[in-house]
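Here is the structure we will look at, set down as structure tokens.
Note that the structure is a prediction, hence the values are computed from the model and not measured. Ligands are counted one by one from 1 in listed order, and the atoms in each one are counted from 1 as well. The figures here come from the full heavy-atom set of this structure, side chains too, leaving out hydrogens, waters and symmetry mates. Throughout, residue positions are numbered sequentially from 1 according to the sequence presented.
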Amino acid sequence: MNKRLIIAIDGPAGSGKSTVAKRIAVRLGIPYIDTGAMYRALTLRVLQKRISLTDTRALVRLSKTTSIALQGSHPERQRVLLDGADVTREIRTPELTQKVFYVAQVPKVRREMVRKQRTLGEKCGAVMEGRDIGTVVFPDADYKFYLTASSSVRAMRRYRELIQTGHSASRREVLADLKRRDKTDLERKEGPLRRAKDAFWVPTTSLTISQVVDKILQIIRTHSAKNPKVSGSFTLNSV
Ligand code: DC
């Protein structure tokens, strides 16, 4: 049951992907994979090793020798392990967030990360969230969703998240940082943020998280009835 069902959820920072993807994974009873956490963990390793963020060859080498694991079956309690050490909290600091793009823009690093992500997803299926899941990592995913929201709403969500997790932040800085991240995500040569042609577009500006989750589950339920590949392969707890 539930084997190899891949649900790709892509979108820009603050579009609600993580919260939505976690809830969908719980509702469908399949693993949740946060690919952003993997890029974050690798960036932390680069900083710990005092490697220059512009030393492309060293970044590629490190991407191949670093072990990144996601531990724990419940998405809300999932831990990110970097060479065995729990870095779940450390990878969320605003300082680290600003540096991830150096690592994420290197094509050979991305290819290594995509390889790791495919291995994880192919094992037992996943709700996988990121920027290039529907376009690069799993172009033949069973379902693809592309979440968007206005930049001001996304910045407000990020700001609240930071404050709630005990970080200090200014709304202006959060918005400026978000716009910088949008630019690097969109302009990256390899694996840029794009909506896959066959992805369902879900604008979330005026929707609550529960509404987005219900909308996505509704789409999956409707289409699974028509799609023999996935029909009957999983059970929705309730919609
Ligand atoms: O989703 P997030 O904010 O945790 O992502 C952290 C960074 O990783 C962000 O700069 C975009 C990058 N990323 C990426 O390039 N490709 C992915 N599949 C996921 C994240």
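- Atoms of ligand 1 lying under 4.0 Å from at least one heavy atom of Arg188, given by number and element, are 15 (O).
- A donor-acceptor pair under 3.5 Å links the side-chain atoms of Arg157 to the main chain of Gly14, judged by distance alone.
- A salt bridge does not link Glu190 to Lys108: none of the charged side-chain nitrogens sits closer than 4.0 Å to a carboxylate oxygen.
- Heavy atoms of Arg40 found under 4.0 angstrom from ligand 1 belong exclusively to the side chain.
- Proximity of Met113 to ligand 1 is not established, as no heavy-atom distance is less than 4.0 Å.
- Of all protein heavy atoms, the one lying nearest to atom 8 (O) of ligand 1 is Val100 CG1, 3.6 Å.
- Between the side chain of Ser63 and the main chain of Glu112, no donor-acceptor pair closer than 3.5 Å is present.
- The single protein non-hydrogen atom nearest to atom 19 (C) of ligand 1 is Thr35 OG1, 3.4 Å, given as residue, atom name and distance.
- Ligand 1 places these atoms under 4.0 Å from at least one heavy atom of Arg158: 3 (O).
- For the residues Glu129, Arg110, Arg131, the heavy atom positioned nearest atom 15 (O) of ligand 1 is part of Arg110.
- Between Asp177 and Arg180, at least one side-chain nitrogen of the basic residue sits less than 4.0 Å from a carboxylate oxygen of the acidic one, meeting the salt-bridge criterion.
- A salt bridge links Asp132 and Arg110; the closest N-O separation between the charged side-chain nitrogens and carboxylate oxygens is under 4.0 Å.
- Of all atoms in ligand 1, listed by their number and element, those nearer than 4.0 Å to a heavy atom of Arg181 are 2 (P), 3 (O), 5 (O), 6 (C), 9 (C), 10 (O).
- Using a 4.0 Å cut-off between a side-chain N of Lys or Arg and a carboxylate O of Asp or Glu, Asp83 and Arg45 qualify as a salt bridge.
- Residues Phe200 and His223 bring their aromatic ring centres within 6.0 Å.
- For ligand 1, the atoms closer than 4.0 angstrom to any heavy atom of Ala104 are 15 (O).
- Atom 18 (N) of ligand 1 has its nearest heavy-atom neighbour, among Asp185, Thr184, Asp132, Val109, in Asp132.
- A salt bridge links Lys144 with Asp198: at least one charged nitrogen is closer than 4.0 Å to a carboxylate oxygen.
- Atom 20 (C) of ligand 1 has as its closest protein heavy atom Gly36 CA, 3.5 Å.
- For Arg92, the closest heavy-atom approach to ligand 1 falls below 4.0 Å.
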